[in-house]
Peer 1: 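Take this structure first; my questions come after.
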2 protein chains.
Amino acid sequence: MKEPRWLDELEMAAWQGFLEAGNRVTRRLEQQLKDEAGLSHPQYEILVHLADAPGGEIRMTELAERLITSKSGLTYQVGQLERRGLVRRRACPTDVRGVFAVLTEEGRELLRTAAPGHVATVREALIDVLDREELAVLARALGEVGRRLRD
Amino acid sequence: MKEPRWLDELEMAAWQGFLEAGNRVTRRLEQQLKDEAGLSHPQYEILVHLADAPGGEIRMTELAERLITSKSGLTYQVGQLERRGLVRRRACPTDVRGVFAVLTEEGRELLRTAAPGHVATVREALIDVLDREELAVLARALGEVGRRLRD
DNA sequence: ACGTGGTTGTTCAAATTCAAACCAAGCTGT
DNA sequence: ACAGCTTGGTTTGAATTTGAACAACCACGT
């Protein structure tokens, strides 16, 4: 067993910062969304992605990939949102197996009311803590990290 | 309802990068640890923290805080590790209520064998993707983000 | 000593997550 | 047309997570 290259002090600090920041920001967000909009973060993300998509609809598999979640997990969450009338399912015309998740008017409306508080929290927890320079590095570096892990 | 300051392009890129990188890295790590060591990431983290602590033991509540998890979640995971003989519980001499989680020799041994693969994956997924400059910014910036959310 | 309030860790129920099995439908080559 | 492989989405069961409720205990002021 070859001795690996351990992390030096800087690398360790970056790694731990990455882990802790990820955990804490996620936690903070989850709590804020639950309190103010009654949504989990995954649910909020579903609504956001649908709202951004043309027609407010995306195929299930495609949506699962964008959300970086399992297909079964998405089935469950879309079910939850459907129960609350925020999303509905629509059969795909060209592929009998296919299913679109569609944002309803109620869903769009809830998103409108939830968004300001969400953005404020994102700013408070992450964005406004950093200066422009740091934001640029984060965007570039973490963008690259994400991109590489996509395949 | 006051119009919030929405995120501009750079801020949005940083935020999305942060989310996607966090998700993907976590996912990659989870998979690697499960495959090579039969541990979940939370479990691995427990072992690491114990190994770092003097005497290889930490009080449950203290450990939960370091891991940024709920107390009940920790109770469960320590139970799992205990079943496998990687950790044991020890009563606290000065406080009857208190419980130490203690790393066993088997736990230390498993950690030794698991660590190299883990570090390699962390490098591959995150550390080695960035240059020193970026690592420094990440460490400082995300360190600050985490610190602020500690309250 | 005594009450009061805060701590400690566990238990509990409910919600969520994932991977694997599954079914139905599409696609490809013969 | 048909066999064999891939895809799309759901179902299923097991594992995990969380917050709330709980029981036992500590510390402190009176």
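Convention: sequence-line order gives letters A, B, ...; per-chain numbering from 1. Since we're looking at a predicted model, the values are computed, not measured.
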Peer 1: In whole Å, what is the span from the CD atom of B:Q31 to the P atom of D:dA15?
Peer 2: 20 Å
Peer 1: Check whether any side-chain nitrogen or oxygen of A:R97 sits under 4.0 Å from OP1 or OP2 of D:dT10, and answer yes or no.
Peer 2: no
Peer 1: For B:V78, which of B:R83, B:R89, B:Q43 qualifies under side chain to side chain contact (heavy atoms under 4.5 Å, CB included)?
Peer 2: B:R89
Peer 1: Applying side chain to side chain contact (heavy atoms under 4.5 Å, CB included), run through B:N23 and A:T69 and close with a yes or a no.
Peer 2: CA-CA 9 Å; B:N23 268 327; A:T69 187; over 6 Å; no
Peer 1: With a 4.0 Å cutoff (strictly under), does any side-chain N or O of A:R89 reach OP1 or OP2 of D:dG9?
Peer 2: no
Peer 1: Rounded to the Å, how far apart are B:E30 CD and D:dA15 P?
Peer 2: 15 Å
Peer 1: Without decimals, in angstroms, what is the distance between A:Q43 CD and C:dT16 P?
Peer 2: 6 Å
Peer 1: For the side chain of A:D95, starting at C-beta, report the closest nucleotide among C:dA25, D:dT16, D:dT10.
Peer 2: C:dA25
Peer 1: Look at the side-chain N and O atoms of A:R59 and state whether any lies under 4.0 Å from the OP1 or OP2 oxygen of D:dT7.
Peer 2: no
Peer 1: Whole angstrom is fine here: how far is it from CZ in B:R83 over to C1' in D:dA15?
Peer 2: 11 Å
Peer 1: Between B:E65 (CD) and C:dT8 (C1'), how many Å, whole number?
Peer 2: 11 Å
Peer 1: Say whether B:E36 and B:Q32, considering side chains only, have a donor N or O and an acceptor N or O under 3.5 Å apart.
Peer 2: yes
Peer 1: So if you build clusters from Ile, Leu, Val, Met, Phe, Trp, Tyr with side-chain heavy-atom gaps below 4.5 Å, do B:L29 and A:V145 land together?
Peer 2: yes
Peer 1: Check the distance between D:dT18's P and A:R28's CZ and give it to me in whole angstrom.
Peer 2: 17 Å
Peer 1: Starting at atom CZ of A:F100, determine the distance to atom P of D:dT10, rounded to an integer number of angstrom.
Peer 2: 13 Å
Peer 1: To the nearest angstrom, how far is A:I58 atom CD1 from D:dG8 atom P?
Peer 2: 15 Å
Peer 1: May I ask whether A:L74 and A:L111 are part of the same hydrophobic cluster, defined by side-chain heavy atoms of I, L, V, M, F, W, Y residues being less than 4.5 angstrom apart, directly or through others?
Peer 2: yes
Peer 1: Does a side-chain N or O from B:Q80 land closer than 4.0 Å to OP1 or OP2 of D:dT16, or not?
Peer 2: yes
Peer 1: Calculate, to the nearest 0.5 Å, the distance between atoms CG and CD belonging to A:L50 and A:E45 respectively.
Peer 2: 11.0 Å
Peer 1: Where along nucleotides 17-22 of chain C does protein come under 4.0 Å, by heavy atom, of base (B) or sugar-phosphate alone (S), with - for untouched nucleotides?
Peer 2: BBB---
Peer 1: Taking A:R88 for the side chain and A:F100 for the main chain, is one N or O donor matched with an acceptor at less than 3.5 Å?
Peer 2: no
